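Since this is a predicted model, take the numbers as computed values, not measurements. Here, residue 1 is the first one in the sequence, and each next residue gets the next number.
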Amino acid sequence: MALNPFRRLITQRAQSINLIKLEQEQPIHEVDPCYLSFSIDISLIIGGQWWEGSNGSSRGLGTNRVPPLALEHPKLSQYVEHLKPAYLRVGGSEADTIHYFCSQELPHEKEPELSEAIWNRLLDFIKQHQLRFMFTFKYGAFDRKQHGKWNGSDSAALLQHALDRGVNIDVCELGNELNAYWAFHGLSAQPRTKQLVLDYQRFINQVRLLSPSSRIAGPGSAFWPYLGETIKYLSNITPGFLEQLEGQLDIVDWHYYPFQSQRSPIRTRTARIEKLLDQRSLEDFERFSEQLERYRKRHQPQAELWTGESGSAQCGGQPKLSDRFASSFWWADQLGRGAKLGQKVMIRQSLIGGDYGLIQRESLKPNPDFWVSWLWKRLMGQQVYQVSCQNPDLIVYCHGGHKQNRMTLLIINMTNKPHRLKFQSFGSPKKRYEISADSLTSKKVLINGVLPKFRKGKVRLKDFPKLPKLDLVAPYSINFWTFADLESEDDMLFGDDAV
């Protein structure tokens with residue numbers, strides 16, 4: 001219950017006053033109501049190869065087998081209820097090697113199975129929580145002679161089974177990270193753009209026929225820090241795919257991790273604490289997102305742009321770092337940055353499991369990133385505004401719409417210095433919430449100086465004490481500051497007339 005120890009140092013060190021300004025009254029973008037969404041990996045759903053305890057990886061998978069996830073666990077349901085509304089994406093590397101129970105073909109030896117009982121439990125879970133559903137259908141064409149001849153009879157049967165159970169698969173995609181087949185399944189498995197377009201066109205036609213209300217996403221390409229899609233003529237498929245595809249996509253999606261864990265066989269930016277606290281590590285996301293937006297406008301202008309999968313570090317997250325407070329800064333920034341760039345949905349890998357999960361798989365305790373997500377859901381609305389800040393050490397984003405005539409500033413301080421602020425054109429300051437921790441490697445965070453706890457399955461904003469009426473941002477903190485009355489044009493220090 002102790003207050004953040006950094007706070008005692010603030011008034012002694014913060015000298016200059018930094019102006020944060022609302023640049024225009026009208027929002028620049030509007031995100032989906034389910035903007036912050038999450039995934040559960042298919043490996044956890046079926047009881048496949050997973051990351052905890054794995055020292056390395058094999059074909060994009062962890063090396064330890066786990067039991068199927070208990071979707072009916074009341075604690076898991078509790079967390080999901082606190083993160084609604086949301087899309088649940090079920091995908092992952094094992095999505096392409098799986099055998100469906102409804103397939104007419106016999107399973108190959110060692111092929112993992114999505115059984116009817118597990119599929120029905122997943123559909124019931126989605127209905128119970130009124131989630132939107134995004135599913136990665138099997139591509140599984142690992143032999144170059146199969147490319148361009150995809151047979152989706154088993155995918156059609158699975159889609160029809162969901163419809164018969166009263167569940168619409170809201171977003172359908174074919175294959176997991178098709179541009180990375182060379183890394184996961186061998187060089188000869190990598191589809192060329194021309195053949196992939198033929199297969200994807202069959203997939204689009206099939207979904208449109210069976211489930212006209214479903215939307216189609218693609219190509220779900222993996223982008224690496226610094227490199228993007230990596231090998232230009234082998235795996236840089238997105239531009240050609242979007243240009244050559246005759247059918248229309250509803251969503252252009254991509255996968256991005258700003259870091260790689262030590263399990264990853266390919267590392268362009270290894271997850272280390274100094275990298276997590278370096279603003280330059282966050283810039284690739286913006287560069288690649290703007291690149292994809294140009295492709296989308298040119299070739300699929302009717303589609304939305306989504307980040308279909310993102311976590312702190314590829315291959316399950318970095319042990320003893322991805323589940324710590326230091327890893328929360330990239331997540332807060334990527335949520336704000338993605339919305340500012342016009343992306344409609346951001347899907348977090350993963351809701352549960354791995355070192356990068358919002359929730360720990362075995363203990364079912366929340367990791368620090370859960371609390372960033374929880375505050376975002378309550379305080380950051382759909383309208384995205386353009387703001388500026390005089391101090392480059394501070395990262396600032398602004399949303400409105402979580403309540404009528406309310407705005408929220410997300411202020412991220414990744415430095416060991418406090419900063420004093422004043423604001424222009426935001427109106428009257430209201431409540432503020434500060435995420436901090438006793439150390440950067442802490443597994444627990446504080447909100448307004450106290451440890452967040454569930455009481456009878458509930459946690460509320462009013463559970464946290466009001467912070468002193470200061471105009472200061474603490475060192476190493478993630479802040480949500482709310483304002484009211486957008487008509488006010490006066491400069492104001494945060495503490496003045498705060499309610």
Side-chain angles (χ1 to χ4, degrees), residues 39-52 54 56-69 89-119 122 134-159 161-162 169 172-191 195-196 199-200 202-203 206 217-222 235 237 255 263-266 308-309 311 314-316 349-350 353-354:
S39 67
I40 300 178
D41 201 282
I42 191 69
S43 294
L44 282 185
I45 297 290
I46 64 170
Q49 301 298 121
W50 193 236
W51 296 110
E52 285 106 334
S54 299
S57 65
S58 174
R59 294 185 176 271
L61 300 170
T63 56
N64 289 344
R65 183 167 292 280
V66 296
L69 183 66
R89 175 180 178 260
V90 175
S93 297
E94 221 158 0
D96 280 319
T97 61
I98 201 168
H99 177 76
Y100 298 156
F101 66 91
C102 51
S103 175
Q104 295 181 355
E105 298 179 4
L106 294 174
H108 298 296
E109 186 180 1
K110 298 182 180 179
E111 192 172 48
E113 182 183 14
L114 176 62
S115 70
E116 184 174 4
I118 288 175
W119 180 242
L122 174 60
M134 180 177 184
F135 187 73
T136 304
F137 286 91
K138 177 181 180 178
Y139 184 58
F142 304 132
D143 183 339
R144 192 160 286 159
K145 290 182 290 186
Q146 298 174 314
H147 298 161
K149 303 175 182 177
W150 176 78
N151 180 357
S153 59
D154 53 351
S155 295
L158 193 69
L159 176 57
H161 188 280
I169 300 180
C172 301
E173 63 178 347
L174 178 64
N176 185 76
E177 297 181 354
L178 295 164
N179 70 323
Y181 261 38
W182 64 272
F184 301 149
H185 309 295
L187 289 174
S188 63
Q190 181 59 51
Q195 281 69 38
L196 178 59
D199 289 332
Y200 226 94
R202 290 189 179 93
F203 175 69
Q206 180 185 93
S221 295
S235 63
I237 67 173
H255 296 182
R263 304 182 185 102
S264 177
I266 302 171
E309 179 181 315
Q314 287 173 318
C315 297
Q349 172 81 351
S350 61

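In terms of modelled atom types and a separation under 3.5 Å, the side chain of Thr136 and the main chain of Ala95 share no donor-acceptor contact. With hydrogens and angles ignored, the 3.5 Å screen pairs a side-chain donor or acceptor of Asp199 with a backbone N or O of Lys149. Checked by atom type and distance alone, the side chain of Gln206 pairs as donor or acceptor with a backbone atom of Gly152 at under 3.5 Å.
Below 30°, between 30° and 60°, or above 60°: for Tyr100 and Phe137 the angle between ring planes is above 60°, a perpendicular geometry.
Looking at heavy atoms from C-beta onward, Gln195 lies out of side-chain contact with Arg144 at the 4.5 angstrom threshold. For the pair Leu158/Leu114, a side-chain contact is recorded, criterion being any heavy-atom separation below 4.5 Å from C-beta on. A heavy-atom distance below 4.5 Å is found between the side chains of Tyr139 and His147. Between Trp50 and Asn64, every side-chain heavy-atom pair lies at or beyond the 4.5 Å cut-off. The shortest distance between side-chain heavy atoms of Val66 and Ser43 does not fall below 4.5 Å.
Shown here are the side-chain hydrogen bond (donor to acceptor under 3.5 Å, both in side chains) partners of Gln190, two or more places apart in sequence or in another chain: there are none. Residues that satisfy the side-chain hydrogen bond (donor to acceptor under 3.5 Å, both in side chains) test with Trp51, not counting sequence neighbours, are absent from this structure. Applying the side-chain hydrogen bond (donor to acceptor under 3.5 Å, both in side chains) criterion to Arg65, with sequence neighbours excluded, gives Gln49. With sequence neighbours excluded, no residue forms a side-chain hydrogen bond (donor to acceptor under 3.5 Å, both in side chains) with Ser264.
For residues 41-51, no residue pair satisfies the salt bridge (charged side-chain N to carboxylate O under 4.0 Å, His left out) rule, not counting sequence neighbours.
The structure places CZ of Arg202 at 11.5 Å from CG of Leu174, a figure rounded to the nearest 0.5 Å. Within the model, atoms CG of Asp143 and OG of Ser188 stand 6.5 Å from one another, a figure rounded to the nearest 0.5 Å.
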Per-pair distances, 0.1 Å, donor-acceptor, side chain in residues 175-183, under 3.5 Å, sequence neighbours excluded:
unit_1, atom_1, unit_2, atom_2, d
Asn176, OD1, Arg89, NH2, 3.1
Asn176, OD1, Gly92, N, 3.3
Glu177, OE2, His255, ND1, 2.9
Asn179, OD1, Ala222, N, 2.9
Asn179, ND2, Ala222, O, 3.0
Asn179, ND2, Glu229, OE2, 3.3
Tyr181, OH, Asp96, OD1, 3.3
Tyr181, OH, Asp96, OD2, 2.9
Tyr181, OH, Gly140, N, 3.4
Trp182, NE1, Asn179, O, 3.2

